[in-house]
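Worksheet: one structure, shown below.
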Amino acid sequence: TCADDIAVSRAALVAVTRPCCVSGTAAAVPTTARPLVYEVRLRVTSGAGATQRERWLMCGGVDESEEAGLLAAALEQPAAWAAVALPLHAPVSGRAFCFLPLPLKTGLPVHVNACFALTSNRRELWTVDADQQLAHQQHARKARWNELLCVRALPSLYAHALACTVQLAHSASEAPQDGHSRLTHACATALWPTGGEQAGVLWRALQRTALRTLHASGAPVCLCIDEDTVGGASVSRLA
């Protein structure tokens, strides 16, 4: 039956997701966000029968500040919810999502998803540049709403997710399973917030704020390579 199929699908989803807890990194996330972090492992099969395995680290949360709550009520939004998806299998060209994909490239190496305020054609986010006058009060609220998502919620979640990748790299259980490859130094380094400078004002702000958040938190996310001679081999470590 349809209900049985749904139950099986839900059980399969639970089986491929697992919580990722990071101790000692609470400072990476402001009190305005409650991060939920989990890993998803997928096996994607194309119409031609080719199979590709993917690993994603997901981090989502809500901006619980008073300003976000007031704007949510004014814009009839449930909450200032946002999330980032970090690819652990291979680099990707970051895109923006508002529950469904948007035709917007962020320039970042991760995907971002949030309840953005969109223009009527779903092709742009409301910004100050979208209407220089912003004569309509609701338009100004939409621009500020997107700004809060990109300078408060998303950067803190991005920083927290990066801290999680460090623990994954150090974890003794971080080994190839079910055909999935382990997190490599190159892949971890590629997740840093770069590339958003030329993609637009909001993505530039997201990138810069994420970097500042990382610096202020003291989270161990810098990639340090120490070459020690162990039996003639070079050993690299994530700090």
Side-chain angles (χ1 to χ4, degrees), residues 19-40 55-65 67-68 80-97 105-114 116 146-171 174 182-226 236-239:
C20 295
C21 300
V22 177
S23 59
T25 59
V29 181
T31 55
T32 53
R34 294 180 179 179
L36 173 65
V37 185
Y38 57 95
E39 182 183 338
V40 177
R55 292 181 62 193
W56 296 86
L57 188 71
M58 321 292 286
C59 184
V62 175
D63 183 344
E64 297 180 320
S65 66
E67 182 182 9
W81 176 87
V84 294
L86 280 62
L88 305 181
H89 55 285
V92 300
S93 177
R95 293 186 60 179
F97 293 72
K105 297 287 187 179
T106 67
L108 299 167
V110 302
H111 294 323
V112 298
N113 188 9
F116 293 114
N146 288 334
E147 184 180 358
L148 285 180
L149 290 171
C150 289
V151 302
R152 185 179 293 166
L154 283 168
S156 63
L157 295 169
Y158 194 171
H160 188 73
L162 284 173
C164 289
T165 63
V166 175
Q167 181 170 351
L168 281 176
H170 280 302
S171 174
E174 174 57 21
R182 66 177 297 139
L183 178 62
T184 64
H185 289 169
C187 188
T189 304
L191 297 174
W192 268 76
T194 58
E197 286 291 325
Q198 306 301 322
V201 61
L202 289 176
W203 313 126
R204 180 166 60 249
L206 194 166
Q207 173 180 298
R208 294 180 177 182
T209 308
L211 289 170
R212 284 194 293 267
T213 302
L214 284 168
H215 176 72
S217 69
V221 296
C222 293
L223 181 67
C224 299
I225 300 179
D226 299 327
S236 298
R237 299 192 294 269
L238 275 174

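Everything numeric here is computed off the predicted structure, so don't read it as measured data.
For the atom pair CG (L214) and OH (Y158), the distance works out to 8.5 Å, reported to the nearest 0.5 Å. Summarising the geometry, atom CG belonging to L157 is positioned 11.5 Å from atom CG belonging to N113; distances are rounded to the nearest 0.5 Å. Between atom OG1 of residue T106 and atom CG of residue L202 there is a gap of 11.5 Å, rounded to the nearest 0.5 Å. Rounded to the nearest 0.5 angstrom, M58 CE and E39 CD are separated by 11.0 Å. With rounding to the nearest 0.5 angstrom, the OG1 atom of T165 is 9.5 Å from the CH2 atom of W192. Note: L211 CG to L206 CG = 10.0 Å, rounded to the nearest 0.5 Å.
A distance-only check finds a donor-acceptor pair linking the side chain of S156 to the backbone of A153 [under 3.5 Å]. One N or O on the side chain of Q207 and one on the backbone of G195 form a donor-acceptor pair closer than 3.5 Å.
Listed here is the closest heavy atom pair of V110 and A85: CB-O, 3.4 Å. In terms of heavy atoms, P193 sits closest to L162 at CD-CD1, 3.8 Å. Counting all heavy atoms, side chain and backbone alike, W81 lies closest to L149 at O-CD2, 3.9 Å. Nearest heavy atoms, V37 versus C164: CG1-SG, 3.7 Å. L154 and A83 make their closest contact through CD2-O, 3.4 Å (heavy atoms, listed as atom of the first residue, atom of the second, distance). Across every non-hydrogen atom of A210 and A159, the tightest pair is O-CB, 4.4 Å.
Ring geometry, W56 versus H111: the interplanar angle falls under 30°, so the pair is classed parallel (tilted spans 30 to 60°).
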